[in-house]
Amino acid sequence: MTYWLIKSEPTDYSIDDLAKAGTEPWDGIRNYQARNMIRDTMAIGDQALFYHSSCKVPGIVGLAKIASDAYPDPTQFDRNARHYDPKSDKNTPRWLLRDIAFVRKLSRIITLQELKQQDSLSDCRLNQRGNRLSVFPVEPAHWRLILNLE
DNA sequence: GCCAACGTTGGC
DNA sequence: GCCAACGTTGGC
């Protein structure tokens, strides 16, 4: 059982989109470190903080949970997809994904600015420099701390 | 295997 | 739109 943080650009896919869909294949991850965690460490039922990035107010906006095992991301073979990967072979797909399910929206956005002000979260990956991974594990203590800010 | 060039992420 | 901090690619 691992807690996660997953990022999404709200203009691309927001927490409201997930709320409407209920469950959604979490596609487009094209980073080996992220791929390995999706494949090896994630488990069905794991919970995740849903984070909005590259937007006016970056921050945590909701909760989701992992809803499937890992399987090949179909968008890697789609010539017209944004994350098409011509070098990925259908017999040994390079990129995997999992379905994620909507749990709930937070009552308010817990902003990145706020999270940065928490001394106890200074060793959370979110607050470390050059943090560009779109998915990473969150310590249980950090998880509780973050949700207590809600 | 090194490393420069290039591409991407994401806050600001 | 800028730029820091990566990750990836490809020549050698």
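To find a chain, count down the sequence lines: A is the first, B the second, and so on, and within it residues start at 1.
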Phosphate-side-chain proximity, [X] and [N], N/O vs OP1/OP2 below 4.0 Å:
X: A:Lys7; N: B:dG10; result: yes
X: A:Tyr32; N: C:dC6; result: no
X: A:Lys116; N: B:dC12; result: yes

Seminar exercise, completed: 5'-most contact on DNA chain B (nearest-nucleotide basis), A:Leu126 vs A:Arg132, goes to A:Arg132

Problem set entry | Parallel, tilted or perpendicular, as decided by the 30° and 60° cut-offs, for the rings of A:Trp26 and A:Phe50 | perpendicular

Exercise. What does A:Gln33 touch in the nucleic acid at a heavy-atom separation under 4.0 angstrom: a base, only the sugar-phosphate, or nothing?
Worked result: sugar-phosphate

How long is the line joining [atom1] of [X] and [atom2] of [N], in whole Å?
X: A:Asp12; N: B:dT8; atom1: CG; atom2: P; result: 15 Å
X: A:Asn131; N: C:dA5; atom1: CG; atom2: P; result: 13 Å
X: A:Arg30; N: B:dT9; atom1: CZ; atom2: P; result: 11 Å
X: A:Tyr51; N: B:dT9; atom1: OH; atom2: P; result: 15 Å
X: A:Arg125; N: C:dA5; atom1: CZ; atom2: C1'; result: 14 Å
X: A:Ile29; N: C:dG7; atom1: CD1; atom2: C1'; result: 15 Å
X: A:Asp85; N: B:dG7; atom1: CG; atom2: P; result: 16 Å
X: A:Lys56; N: B:dC12; atom1: NZ; atom2: C1'; result: 14 Å

Problem set entry | Rounded distance [0.5 Å steps], CZ in A:Arg98 versus NZ in A:Lys65 | 14.5 Å

Exercise. Quick check: does any side chain N or O of A:His83 sit under 3.5 Å from a backbone N or O of A:Asp78, one acting as donor and the other as acceptor?
Worked result: no

Problem set entry | Donor-acceptor contact below 3.5 Å, side chain A:Arg35 vs main chain A:Arg94 | yes

